Each structure stands twice: as C-alpha cells, then as structure tokens.
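So the structure is just underneath, and the comments pick up after that.
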Amino acid sequence: MTNNIQEQQLFDAACSGRLDNDSHQALQTLLRTSPGARQRYLDYTALHADLFAAVRTARVHVRLAQLIEESSPAGPKHLAPPAARAGLGRTGLGRTGLGSTGLGSTLGRRMLAFAGVVLATAAGLLVALGPDLGGPATEPAGADLVADQDFKEPSRVAPTEALERESQDTLLDDDARWLELVARVSRVEGVQWSDDGRSYAVEDLLSAGDAIRLTDGLVEIEFRQGAVVVLEGPAHLVANDANAALLLQGKLAAVAPPWATGFRIDTPGVDVIDHGTKFAVNVSGALDETQVNVVVTEGEVELVADEQAEGGRRLRAGEGIQSTKNDVQDGDDAEARQLTNHLPSRPGLKNAVVVADRWQDWKPGVANQPNREGNWRYYTNGSVSFGDTKGYEELVWNEADNCYLPGNMEEKPWLNHYVRVHREGGHPGKGRDQVKDKIDRYSITGFVVPEEGKYRIEAGWLERRWARRWDRDAELDVAIHVNDGPILMRKFCNRDCYVPFRQPLGKLAAGDTIYVGVGPNGADHNDRFRWGFFIVRETTPAGEASIESQRDIALSD
Amino acid sequence: MSRSDHREQFLALLSEHEAQLMGFLCAVAPNYQDAEDLLQQTVLTMWQKFDQYEIGTSFVAWGRQIARYKAMNLLQSRRLTPLDADVIDLLIVSLDEQEPEQRVARRRALSGCLSKLPADDRRLVEVAYAGEQSIKEIAATIDRSAGGVYNSLARIRAALLKCIQSTLAQEGFA
C-alpha cells in the first residue's frame with residue numbers, strides 16, 4: 001500500500017492523466033531511486049487497470065445476459081457523442097475497436113473469442129460490482145475496508161450556480177470529452193466498401209482508431225497534420241492519430257508536407273516514417289506470411305522494425321524494399337509506385353518551410369506578464385470588435401491555471417472572464433447575445449512574422465468539446481486577419497465539433513502580426529476548444545508550374 | 001504443430017498473461033484508452049511474430065519489449081512525454097520480480113474488497129471506470145465538484161489497496 005500522501009498523489013495524478021511537468025519529473029525521480037516505490041506504483045496502476053477491466057467486462061456481461069433473457073437487442077441508453085459525419089471507434093473492447101473494425105481475419109475472430117476468455121477470467125470481479133449477477137463475494141476473515149472520509153471536500157454548489165461553475169470548470173477540466181478527430185475523407189472514387197466495415201463519404205471525419213476497409217476503388221484521406229494518403233482497394237487501414245496510420249492490407253501512397261514530417265505508416269512488418277517525401281506501401285499475403293513492399297518516389301523515409309525505437313534504414317527516392325517476416329531485400333513494386341500518381345500535386349505541399357507550430361512552440365510565461373518570449377502573443381479584443389487591433393488587450397500568464405488570461409479581471413469581471421489561451425487551445429469570452437455592447441470576445445493568438453515572405457496557415461484544425469444537447473445549435477468561429485487588415489477567413493465550428501482550416505496570407509514583412517482568434521459566435525456555452533496550426537513560408541517563387549497528377553486530372557473532370 | 005494448435009497455444013499464453021501486459025502498459029501510458037489501444041497493437045504484432053517466440057521463455061518479457069516500443073512511439077507521436085527509458089527498464093525489472101500467482105491473487109482479492117465498499121463508492125467506481133463520461137460530467141450529475149470526485153476516487157483506490165494488501169497477507173503473500 002502507498003505509505004505517504006505525496007507518493008499517492010503522484011500515482012493518482014499519473015492514473016488520472018493529470019501530471020504536470022514538475023510532477024512528471026518527481027514521479028520519475030521517485031521511481032528511479034526507490035525500489036519500494038516502483039512496486040507500489042506498479043500495484044497502483046495494476047489496480048487502476050483491473051478496475052477498468054472489471055467495470056467494462058461487467059457491463060458487457062450485463063448486456064449479454066439481457067440479450068439472452070429478453071431475446072431483444074435493447075441495451076442500456078446513454079448519451080453518445082454525435083455520430084453524424086464523424087467516425088467513432090469506441091467499443092467495449094477499446095478504441096482501436098476489435099469489435100468495430102471486426103478484423104475479419106482469423107485472428108480477428110479469435111480475438112473476439114479471446115474476449116470471451118477475458119470475460120471468464122474476470123468473473124470473480126463481476127460479482128463485486130453486480131451483486132444480482134453472481135454468487136456471494138468471498139469474505140476473507142478480518143479484511144476490513146477502511147472507510148475514510150474525503151479530505152478537502154469542497155462545499156456543494158447551489159443549483160443556480162451550476163451553469164456558471166460549469167463554464168469555469170470547463171476551463172480547468174482535462175477530462176473534457178474530445179472526439180479526437182484525426183483525419184478527413186477527401187475523395188471517394190469507384191469504391192466498394194467491405195461488408196466488415198462502414199462506408200464513408202467525402203468530408204466524413206475519422207476518429208483515432210477508425211478503420212477504412214474497401215474491396216475496390218480509391219479513397220483519399222487527409223490527416224489532420226497534413227499528410228495525404230490514397231488507398232487502393234482491396235485494403236484495410238486504421239487511422240491511429242493525426243500523423244499516423246496502420247496499414248493491415250492493401251496499397252497506399254502518401255505524401256507528407258513539411259509540417260507533417262514524421263508521418264508514420266505502421267504495417268505488420270516494418271513501419272515507415274516520413275522525412276519529407278512521397279512514398280507507397282503495399283501489404284499483401286496471409287496474416288502470418290505478410291509481405292510489405294515500400295517504394296519512395298520523392299524525398300526520404302525511415303524504415304523501423306517493430307523492436308526498434310529509432311535509427312532505422314533510410315530509403316531515398318528511387319529506392320524500394322520487399323520485406324517478409326524473415327527477410328528484407330531491395331526491390332521495386334511497380335503497382336505501388338503507380339499509385340503515387342494519384343496523389344495531389346499541390347506545389348504548396350512541399351515548397352514551404354515551417355516557421356511556427358502552435359502546438360510545439362508553446363511555453364509557459366512569466367507570472368502576471370504577457371508573453372515576450374519568441375514570436376507568439378496572446379490577446380483578447382477587449383471592448384472592440386475582432387479585427388480592430390488598437391483595442392486588443394494582452395493576456396498575462398497565470399501560474400495557478402497554467403494559461404494566459406485577462407490581466408484586468410477586477411475592472412471587467414465578467415465580459416472577458418472566461419477568455420483563456422492554454423497549451424491545447426482555450427476558451428473565448430462572452431458572446432454578443434449575452435452582453436449589452438453586442439461584441440463577441442475572442443481568444444486571440446498572434447504571431448509576429450520574423451522575416452519577409454509569402455506566408456500561409458496550414459493544417460489548421462479546431463475541435464470543440466462534444467456539445468451537450470441543450471446548446472447543440474451554439475457555434476464557435478475561428479477567424480484570421482493580418483495587422484489591421486480585413487478578416488481573411490472565418491469558419492464556424494458547430495455541433496459536428498471539428499473544423500479544418502488553412503489560409504494563404506500573402507506577402508508579409510518582418511514585424512507584421514498574424515492574428516488567429518476563436519470567438520463565441522453569440523454565446524459562450526460549452527466553448528472550450530482544442531486546436532493547432534502551422535505557419536509556413538513559401539520557398540518557391542510564384543508562378544512556378546506543377547505537373548498535373550492523375551488525381552488532379554480526375555478532379556477537373 | 002497444426003495451424004489450429006498454433007493459434008490455441010498463442011491464445012492460451014495470451015489469456016494467462018494479458019493482465020500483466022496491460023498492467024505494464026497502464027504504468028507507462030497515462031491514459032487507459034491509450035493502454036488498451038497499445039495492448040491490441042502489441043498483441044497483433046506478437047501474433048505476427050509468434051514463430052519467433054521460444055516456447056518456455058517468458059511470454060510476458062517478450063511481449064513487454066514489443067509493447068514498450070509501441071508505447072514510446074505512440075506517446076511521442078502524440079507529443080506526450082513518456083517515462084524515460086531507464087525508468088521503464090526499472091519498472092520491467094520490478095515486474096519480473098513479482099510472482100505471477102500474486103498478481104492473480106490481487107485480482108481475486110479485489111473482488112472481495114469491492115464488495116466491501118459502501119454503496120455510493122461502489123457506484124462511483126462503476127461510473128468512473130466505465131469510461132463513458134468525463135469526471136466533469138460525473139461531477140455535474142451528482143452535484144459535486146470535479147476536484148471532489150477526483151479526491152473520492154483517490155480515497156477509494158487507497159482503501160482498496162489497503163484491503164487487498166490485508167487479504168494477501170492473510171493468504172500468505174508478502
């Protein structure tokens with residue numbers, strides 16, 4: 001058992017995903033120096049895992065028992081995130097969804113049988129949580145459960161304050177329900193969808209863990225961080241995250257712009273990591289005789305075996321490999337190479353350098369001071385409309401909340417009260433429908449341009465918390481302007497909860513400021529957002545011609 | 001060995017050691033959903049490479065090496081800071097020092113300890129660990145603050161650990 005409060009707090013924070021940088025270091029120091037703490041940490045995390053397993057298994061068991069008894073498909077009702085135009089991969093067996101992807105292979109079916117084994121082995125734990133399901137729990141003699149009182153239990157919030165508190169807590173709650181949308185279907189051509197999977201339309205969104213299975217045709221998928229993949233059926237792909245996918249079967253070609261360097265394709269054999277390139281992968285063969293071919297048409301990739309963390313073989317343009325379980329040989333794959341002709345040939349995908357990354361560049365500030373390190377600045381629009389920089393007010397760093405917020409809370413206690421800029425995103429202030437002056441208060445991120453050039457915003461994305469039913473028509477808006485110029489872009493994020501954005505900014509001079517703001521669009525209910533974007537500077541002179549790819553020709557028909 | 005026997009052997013080893021693999025992944029991945037995803041990716045790779053596994057050697061140790069790299073790659077791709085490699089190595093050594101029977105005994109003990117929880121605490125565990133609602137949403141439902149719910153879950157976990165330890169002591173485990 002944990003033998004001091006600080007240790008337990010660290011373990012608890014780790015299990016809750018609430019470790020900050022200092023706590024993370026403290027935990028590591030503890031684990032390095034104390035063998036006893038390591039064992040206690042493992043016991044603690046094992047308990048955490050066992051509780052998840054017990055509860056989820058119990059729920060599946062209840063559902064199965066109901067189905068058997070009632071011979072009805074009805075199951076327990078619960079609020080689910082919006083399914084329209086967003087792929088959801090959560091199942092009782094985990095987000096990558098052995099159930100939802102229905103692997104369809106022999107192993108997939110066996111894994112479902114394995115789930116039955118897990119159910120059986122967890123039977124003892126079911127009893128404790130579902131007393132109407134099983135026999136009496138064991139009663140070890142003398143094993144009393146200590147029923148301590150909670151420490152630091154805050155006073156209960158009166159119902160009339162619940163709404164206001166909800167807005168505040170929303171700012172601090174790292175457990176907000178995010179859809180974790182990682183990719184978007186951008187083209188569907190002659191596709192026959194697999195019977196084991198779902199069908200997709202253009203603009204459909206994929207969450208982490210969603211699978212695409214097709215028996216014929218072409219699907220183009222744009223990942224959130226900017227990589228574009230063309231998948232040719234028959235194929236089976238799982239979108240792992242904003243910059244990675246798992247190809248279980250079939251052929252794909254990929255192009256990754258500079259802001260998606262590190263884009264990764266995992267396969268049952270080697271994994272392919274992009275280093276600024278265009279490449280193709282072909283996975284074929286039976287499950288235990290898989291062959292993975294990789295060809296590179298532009299740039300360079302790194303091949304990493306499953307046991308390697310880094311330092312894999314590099315393949316350059318014109319090179320290729322054919323790998324099996326036991327062997328890797330140089331070789332080409334003409335069909336896979338041909339597939340790269342179906343990738344978009346947008347010159348902007350490669351002729352640019354990344355100048356700033358909203359996510360990676362984040363740094364905490366100096367207490368009660370606006371940010372003066374680097375080129376990022378944080379504002380709200382005070383009492384002026386978004387776009388009128390003369391009225392912008394800089395936000396200051398708040399150590400307790402680990403974010404930038406208004407520094408004049410006493411003067412304007414509530415108009416900008418909830419404006420936040422934090423690492424993952426932020427929150428706008430009150431909306432025009434809520435205030436007398438009819439002005440939307442924005443959470444604004446500014447970037448001071450370091451040198452002259454043509455700039456763009458790429459791979460922009462904004463995700464809103466899963467909207468509750470009562471405010472499902474409320475929207476956020478994300479807008480961009482440069483200096484005191486006009487609004488260049490405005491997009492709205494509605495109850496679908498995700499919007500991608502990109503925007504050319506034109507030729508800018510050193511010292512110009514790019515402003516990207518998120519506003520409440522009328523009312524600030526449930527407006528906490530996460531986002532990211534890259535600022536890139538073009539490296540190719542204007543007017544340079546590009547060769548049309550087959551993809552471009554097809555889309556122009 | 002026939003193909004069918006090959007699969008049965010793999011599944012038998014997996015069912016025996018799945019909990020240990022999951023425990024390792026929960027120790028290195030800060031989010032349970034990530035740990036579940038990593039488990040499935042790891043198991044898939046282990047199956048792919050099962051011919052390379054030497055019967056009689058530690059199935060768990062072999063699986064952990066695969067799981068370890070998958071966890072590092074996933075966390076780094078999500079810009080999360082994983083535990084340092086040397087810390088993970090120390091955890092692996094500590095895991096190897098645990099007796100497999102003790103792991104089983106702990107899960108068995110948990111069953112009894114859960115039944116001893118007050119009804120409210122048991123319900124909170126069920127809702128929190130179902131993974132269908134955030135802590136914030138649970139707190140709103142029961143008219144408490146999120147901090148209070150976190151505190152309660154910490155208290156419950158501490159109580160369960162104490163109960164499990166007491167149970168194991170009576171059963172003769174150290």
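So you know, we letter chains A, B, ... as the sequences are listed, proteins then strands, and number each from 1. All figures in this text were calculated on a predicted structure; none of them were measured in a lab.
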Heavy-atom cut-off 4.5 Å, strictly under: side chain, backbone, both or neither for B:Asp89 against chain A? neither
Determine if the SG-SG distance between B:Cys163 and B:Cys113 falls under 2.5 Å. yes
Can the ring centres of A:Phe11 and A:His48 be said to be less than 6.0 Å apart? no
Kindly indicate whether the side chain of A:Leu51, heavy atoms from C-beta on, has any atom under 4.5 Å from the side chain of B:Leu160. yes
Determine the option with the most heavy-atom pairs under 4.5 angstrom with chain A, choosing from B:Ser94, B:Ala109, B:Ala128. B:Ser94
Under 4.5 Å from any heavy atom of chain A - which part of B:Leu95: both
At what distance, to the nearest 0.5 angstrom, does CG of A:Leu31 lie from CZ of A:Arg40? 10.5 Å
